[in-house]
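These notes are about the structure you will find just below.
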Amino acid sequence: IMGEMKLTFKTPEEIYEFVNTVSKYEFDVDVRRGRVVVDAKSLLGIMHLGLNSVLDLKIHSGDCEELQTKLVKYAA
C-alpha cells in the first residue's frame, strides 16, 4: 500500500520546503520524472529533476494521509 500523487515545483524554495517536510517522516518517499527516480529527502536529487516539471511522488507507507495533506500545495 502506498500513496501516489503528481507534483510540480515553481521555485527552489518550494523544493527546500518539500524536502524539509518529507524528511520528518520515517518511511521512504521517492520522486520520479521519466526513468529518473530520486529519494524525496534528497535536496540535490529533486533540484536535479528540475522546476516546472510534472513529477510522480510515491510514498511507501499505508499511513500517509497526513503527509499527502501537507503536500497538496505542490500538486500538479
Side-chain angles (χ1 to χ4, degrees):
I1 298 176
M2 62 178 68
E4 295 188 26
M5 59 192 293
K6 298 214 179 282
L7 306 174
T8 188
F9 299 107
K10 309 268 188 277
T11 66
E13 290 76 23
E14 283 187 350
I15 294 176
Y16 182 75
E17 285 175 16
F18 168 82
V19 170
N20 272 349
T21 301
V22 172
S23 294
K24 293 175 183 159
Y25 293 83
E26 296 213 356
F27 41 79
D28 288 333
V29 184
D30 297 323
V31 178
R32 179 171 62 87
R33 189 180 94 202
R35 293 183 174 169
V36 181
V37 178
V38 299
D39 183 343
K41 298 175 186 178
S42 166
L43 186 60
L44 288 175
I46 296 186
M47 292 263 187
H48 174 73
L49 295 178
L51 297 172
N52 302 310
S53 301
V54 176
L55 310 174
D56 295 305
L57 175 79
K58 274 204 164 119
I59 303 169
H60 300 274
S61 168
D63 182 26
C64 57
E65 291 82 13
E66 179 186 317
L67 177 56
Q68 283 180 302
T69 302
K70 290 182 180 181
L71 300 181
V72 164
K73 61 183 170 182
Y74 308 114

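No experiment lies behind these values; they were computed from the predicted model shown. Any value given below was found using the heavy atoms of this structure, including those in side chains, with hydrogens, waters and symmetry copies removed.
Tyr74 and Phe9 have tilted rings, their planes meeting at an angle from 30° to 60° on a 0 to 90° scale.
For Tyr16, there are no ring pair (Phe, Tyr, Trp, His ring centres under 6.0 Å) partners at least two apart in sequence or on another chain. The side chain to side chain contact (heavy atoms under 4.5 Å, CB included) check on Lys10 picks up Thr8, Glu14, Asn52, with sequence neighbours excluded. Every ring pair (Phe, Tyr, Trp, His ring centres under 6.0 Å) that Tyr25 has, sequence neighbours left out, goes to Phe27. Under the rule for a side chain to side chain donor-acceptor pair (under 3.5 Å), the partners of Lys6 that lie at least two apart in sequence or sit in another chain are Asp56. In this view, Asp39 and Lys41, Ser42 satisfy the side chain to side chain contact (heavy atoms under 4.5 Å, CB included) rule, not counting sequence neighbours. Taking the side chain to side chain contact (heavy atoms under 4.5 Å, CB included) definition, one finds that Glu4 meets it with Met2, Lys58, sequence neighbours left out.
For the atom pair Ile15 CD1 and His48 NE2, the distance stands at 12.0 Å (nearest 0.5 Å). Once rounded to the nearest 0.5 Å, the distance linking CG of Leu57 with CG of Leu7 reads 4.5 Å.
Contact detail for Gln68 and Ile59: the closest heavy-atom pair is CG-CD1, 3.6 Å.
Of the possible donor and acceptor atoms, one in the side chain of Ser61 sits under 3.5 Å from a partner among the backbone N and O of Asp63.
Under the 4.5 Å side-chain contact rule for hydrophobic residues, Val37 and Leu43 do not share a cluster.
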